[in-house]
J.: 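My structure is below; once you've seen it, I'll send some questions.
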Protein chains: 2
Amino acid sequence: MFGDFRLDEQERDALNAISSKIHKPAKCRIYAQDEPARYLYIIRSGAVRLEYQREDGRNQIFAFLWSDNMFGTTENGLYRASAVTLIDTYLFQIPYPALRTLIESRPRIQALFLQHALKYTKATERHVLLATCSLVTKRLAGFLLECSKQADFFDRHSHILTLAMDRKDIADYLGIALETTSRTLKVLEDMDLIKRLSSQRMQINTEQIQMMMSR
Amino acid sequence: MFGDFRLDEQERDALNAISSKIHKPAKCRIYAQDEPARYLYIIRSGAVRLEYQREDGRNQIFAFLWSDNMFGTTENGLYRASAVTLIDTYLFQIPYPALRTLIESRPRIQALFLQHALKYTKATERHVLLATCSLVTKRLAGFLLECSKQADFFDRHSHILTLAMDRKDIADYLGIALETTSRTLKVLEDMDLIKRLSSQRMQINTEQIQMMMSR
DNA sequence: CGCTTAGTTGACATAGATCAATTAGGGTGG
DNA sequence: CCACCCTAATTGATCTATGTCAACTAAGCG
């Protein structure tokens, strides 16, 4: 909203002073839904999924997050979703009380969090667009495009995308059955939009996918 | 995230000084998707929908907004969605350049926008949950619950909900066909979860709906 | 080399989309 | 005040995409 904002050196130091650097291996729960929210996290490297357990037992993934993303927002002092690492992940862990104090003395730091919040909101809106595509082919194709925006996992030259999540995760993100994920990947392959190299690696034809999406 | 925040009187005056109060009748476009974003808006009274036109021609509604909500966030200087009034609506219109300047001199005002952004994000996450319910009955029931949280449109005593949007709007919000909206309202009525009084007014059984949702 | 888990494929059932027709409601002019 | 019109809402019939259940295969790991 308010353009590009960067902390100056002093501000970064102040924030660093209250943060701890922590490490989590793959498939490790960082916190659980409805647990008191003590920390805010920023991803230094790795990948995380935010998932919401529905009352009926189904799982809804809200977001996949990569380097430089923030997570751990609260509703009435509790985490709204669980956070789970997809792969080996390094994080900044910032205790809320210290953060609140810091922001009071340095209100400019808040701009950083506003910026993150707006970025997350945009991502969630894109998520709504994906999850409400009438055809699953489009949902999945759109999802692969989203993933291919992550430089760490997509090689621009070979066009090879490496997925950090499994079929179930994709299904839970798009609101479909995991079998449908598999089947639809096959459909995309038959349409020559992707080529599966292994279950986690595929070569994707970004332009053609984009064309297909708009029809 | 950072608890409850309120502007003090000085801050409110400063914000007021750069805002204009404007009025829009029902079904009036406030701005269009992809138009340069000049203003941020806050709803004083009324209701607004944010809608995104997909490339394939379908319409996706991102949110219905009520009194006290903010909208008009940008992506690369453009509005991401169109804003359209549902009913007669009064707004604060705040020019972005002036707002940016104001925030530089009074960084605390930013907290207000952070708060709004976080509130909008939560609403969007609830939207994802609704739009990905496997059964349309649950989507619609959940939607009616959401609506019944708006005091202006829901009478807690009689349990009568007045909808500001039409069937098409509901369908575009939930990602279903408008015929399905009608049919599903009938289903809910047959289940004794709602009673339709007129096309825009219905009596809703909040507790029973809540029970049905969790199964 | 077997064991376990993740992914794929098949057969079938069904919820919801689509297309088409009908009804209800709200506003306008005579 | 009534008759008409136009739009919004409802209902019906049919078709299809995707969920579900079940079997099978591939891949990773000890």
Side-chain angles (χ1 to χ4, degrees), chain A residues 25-27 49 54 56-60 84 86-88 130-144 162-191 194-202 212 215, chain B residues 25-27 49 54 56-60 84 86-88 130-144 162-191 194-202 212 215:
Chain A
K27 307 202 176 195
R49 69 167 191 262
R54 300 173 113 105
D56 68 4
R58 272 181 63 218
N59 212 39
Q60 177 66 46
V84 181
L86 296 174
I87 55 178
D88 205 59
L130 278 186
T132 56
C133 278
S134 44
L135 294 183
V136 168
T137 355
K138 289 193 183 180
R139 290 196 213 175
L140 189 56
F143 175 73
L144 295 177
T162 306
L163 294 173
M165 67 293 285
D166 62 23
R167 300 293 185 262
K168 178 70 162 56
D169 287 341
I170 299 176
D172 285 352
Y173 182 75
L174 297 176
I176 60 182
L178 81 91
E179 294 93 330
T180 307
T181 315
S182 259
R183 255 185 274 269
T184 309
L185 282 174
K186 192 200 180 90
V187 172
L188 294 178
E189 193 160 30
D190 290 346
M191 296 168 80
I194 66 171
K195 185 182 286 176
R196 284 182 284 185
L197 306 174
S198 75
S199 71
Q200 312 295 86
R201 276 164 40 88
M202 56 185 69
M212 181 275 267
R215 261 182 288 112
Chain B
K27 306 202 176 196
R49 68 167 191 263
R54 301 174 112 105
D56 67 4
R58 272 182 61 217
N59 211 39
Q60 176 66 45
V84 181
L86 296 175
I87 55 179
D88 206 58
L130 277 185
T132 55
C133 276
S134 43
L135 294 184
V136 167
T137 356
K138 289 193 182 182
R139 289 195 213 174
L140 189 57
F143 175 73
L144 296 177
T162 306
L163 294 173
M165 68 293 287
D166 62 22
R167 301 291 185 263
K168 178 70 162 56
D169 288 340
I170 300 177
D172 285 351
Y173 182 73
L174 297 176
I176 60 184
L178 80 91
E179 293 94 331
T180 307
T181 315
S182 259
R183 257 185 271 269
T184 309
L185 282 174
K186 193 200 179 91
V187 172
L188 294 178
E189 193 160 30
D190 290 346
M191 295 168 80
I194 67 171
K195 185 183 287 177
R196 283 181 285 183
L197 306 173
S198 76
S199 72
Q200 312 293 84
R201 276 164 40 88
M202 56 184 70
M212 180 276 266
R215 257 182 286 112

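Naming convention: chains lettered A, B, ... in sequence-line order (proteins, then strands); numbering from 1 in each chain.
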J.: Determine whether B/Arg54 and A/Thr132 make a side-chain contact, defined as any pair of heavy atoms from C-beta on separated by less than 4.5 Å.
T.: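 Yes; the side chains approach each other to less than 4.5 Å.
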J.: Is the shortest side-chain N to carboxylate O distance from B/Arg49 to B/Asp172 below 4.0 Å?
T.: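 The answer is no: the pair does not qualify as a salt bridge.
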J.: I need the B/Lys186 NZ to B/Thr181 OG1 distance, nearest 0.5 Å.
T.: 14.5 Å
J.: Between atom CG in B/Leu188 and atom C1' in D/dT10, what is the gap in whole Å?
T.: 15 Å
J.: Taking all heavy atoms of A/Asp88 and all of A/Pro25, pick out the closest pair and write down the distance.
T.: OD1-CA, 3.4 Å
J.: Counting C-beta onward and ignoring hydrogens, is there a side-chain heavy-atom pair between A/Arg139 and A/Thr184 closer than 4.5 Å?
T.: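 Result no, sub-4.5 Å side-chain heavy-atom pair not found.
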J.: How would you summarise protein contacts on nucleotides 7-19 of chain C per nucleotide, using B for base, S for sugar-phosphate only and - for none, with heavy-atom distances below 4.0 Å?
T.: SBBBB---SSSBB
J.: Roughly how far, to the nearest 0.5 Å, is the CZ atom of B/Arg183 from the CG atom of B/Leu178?
T.: 9.5 Å
J.: Rounded to whole angstroms, how far apart are CG on A/Leu163 and P on C/dA6?
T.: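 That distance rounds to 16 Å.
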J.: From A/Lys195 NZ over to A/Glu189 CD, what is the distance, rounded to the nearest 0.5 angstrom?
T.: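 One gets 8.5 Å once the value is rounded to the nearest 0.5 Å.
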J.: Give the dot-bracket line for DNA chain D from 5' end to 3' end: parentheses for intra-strand Watson-Crick or G-U pairs under 3.5 Å, square brackets for crossings, | for inter-strand pairing, dots for unpaired.
T.: ||||||||||||||||||||||||||||||
J.: Side chains of A/Leu188 and A/Leu144: closer than 4.5 Å at any heavy-atom pair?
T.: yes
